[in-house]
Amino acid sequence: RPFFLRRSELLDLYVIHVVKDVRQGVASSVKRDRGSASQMAKSWKRGNIAASRAAKAVPANRFLQINYHEFAAEPQKTVDQVSAFVGVNSAPIPDDFFVPEHHIIGNRMRLKGEGGVIRNDEAWRTYLGPEDLESISKIAGSTNRSFGFDWP
């Protein structure tokens with residue numbers, strides 16, 4: 001989309017690519033019955049390679065890649081980084097992001113009524129078996145490493 005959006009004189013386009021470790025991305029899709037681990041590894045690889053190509057659609061100072069694991073570890077630092085990147089004032093993240101009036105469109109967490117804590121998703125440890133991990137590694141392991149993750 002950035003290749004098309006950059007043509008608009010109405011937009012001041014910035015591109016932010018948030019990337020998860022392939023195991024996290026695959027497990028998230030598998031637990032939602034979107035396909036097998038190998039199918040989801042292929043989808044993760046295609047999607048993230050396409051997203052990283054968006055860097056070519058905009059000047060270098062308009063593309064930012066964010067590691068989801070780093071965001072989950074230090075959400076305020078990441079919000080500050082994104083705010084500075086797009087040139088707006090940063091806002092503090094509340095300890096429980098369900099307390100203030102807002103919602104997160106498209107995220108099922110908003111419906112659970114649980115405390116809104118940002119955390120790293122380790123569900124892949126439950127949803128993926130050794131065969132899944134081997135398949136994922138063969139399909140997308142090198143791409144995962146190219147995005148800075150230390151697996152496989």
Side-chain angles (χ1 to χ4, degrees), residues 1-2 13-55 57-58 60-152:
R1 292 185 187 125
L13 185 62
Y14 291 80
V15 177
I16 302 171
H17 174 205
V18 179
V19 63
K20 282 186 174 185
D21 179 291
V22 66
R23 296 168 295 181
Q24 291 175 319
V26 169
S28 179
S29 295
V30 167
K31 72 182 181 180
R32 288 176 177 77
D33 293 322
R34 293 183 179 155
S36 69
S38 60
Q39 290 171 322
M40 295 301 97
K42 290 173 188 171
S43 177
W44 177 93
K45 182 177 179 177
R46 273 191 315 271
N48 281 288
I49 287 173
S52 67
R53 285 186 184 137
V58 294
N61 66 344
R62 296 298 183 106
F63 182 85
L64 177 65
Q65 182 175 300
I66 295 174
N67 175 314
Y68 180 82
H69 180 77
E70 292 171 3
F71 165 66
E74 296 185 89
Q76 188 63 59
K77 181 179 176 183
T78 304
V79 167
D80 294 345
Q81 179 186 16
V82 170
S83 298
F85 172 65
V86 297
V88 299
N89 293 330
S90 186
I93 298 175
D95 292 333
D96 181 343
F97 59 78
F98 285 126
V99 173
E101 291 251 348
H102 73 281
H103 66 238
I104 305 167
I105 296 173
N107 189 323
R108 294 180 189 182
M109 282 177 51
R110 74 189 190 285
L111 304 174
K112 292 182 180 178
E114 300 170 357
V117 177
I118 298 170
R119 62 178 172 72
N120 195 33
D121 183 2
E122 295 288 324
W124 66 267
R125 297 180 188 279
T126 303
Y127 286 95
L128 303 175
E131 300 84 17
D132 294 328
L133 292 171
E134 184 177 336
S135 174
I136 293 165
S137 175
K138 287 178 183 174
I139 293 166
S142 62
T143 305
N144 195 53
R145 289 186 83 69
S146 75
F147 285 119
F149 298 102
D150 63 358
W151 183 87

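For this chain, numbers begin at 1 and follow the sequence in order.
- Residue V79 comes nearest to A91 through the heavy atom pair CG1-O, 3.8 Å, listed as atom of the first residue, atom of the second, then distance.
- Looking at every heavy atom in both residues, F85 comes nearest to I16 through CE2-CG1, 3.8 Å.
- No donor-acceptor distance shorter than 3.5 angstrom exists from the side chain of E70 to the backbone of P75, with no hydrogens or angles considered.
- R32 contributes a side-chain N or O that, together with a main-chain N or O of S28, makes up a donor-acceptor pair within less than 3.5 Å.
- The aromatic rings of H17 and F63 are tilted relative to each other, their planes meeting at an angle between 30° and 60°.
- Judged purely by atom type and a 3.5 angstrom limit, R62 has no side-chain atom pairing as donor or acceptor with the backbone of V15.
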- Trace of the side-chain contact (heavy atoms from CB on, under 4.5 Å) decision for V22 with K45: CA-CA 8 Å; V22 66; K45 182 177 179 177; over 6 Å; no
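- Remark: the backbone N or O of K20 is paired with a side-chain donor or acceptor of W44 at under 3.5 angstrom.
- If you take CG on D121 and CG on D21, they are separated by 10.5 Å, rounding to the nearest 0.5 Å.
- Looking at heavy atoms from C-beta onward, N120 lies in side-chain contact with Q24 at the 4.5 angstrom threshold.
- Under a 3.5 Å cut-off, the side chain of S43 and the backbone N or O of M40 do not form any donor-acceptor pair.
- Closest approach of L128 and A37 over heavy atoms only: CD2-CB, 4.3 Å.
- Between N67 and Q65, the side chains place no donor N or O within less than 3.5 Å of an acceptor N or O (distance only, hydrogens not considered).
- The shortest side-chain heavy-atom distance between Y14 and V82 does not fall under the 4.5 Å cut-off.
- At distances below 3.5 Å, not a single donor-acceptor pair connects side-chain atoms of N144 with backbone N or O atoms of A140.
- Applying the salt bridge (charged side-chain N to carboxylate O under 4.0 Å, His left out) rule to D132 yields no partners; only residues at least two apart in sequence or on another chain are considered.
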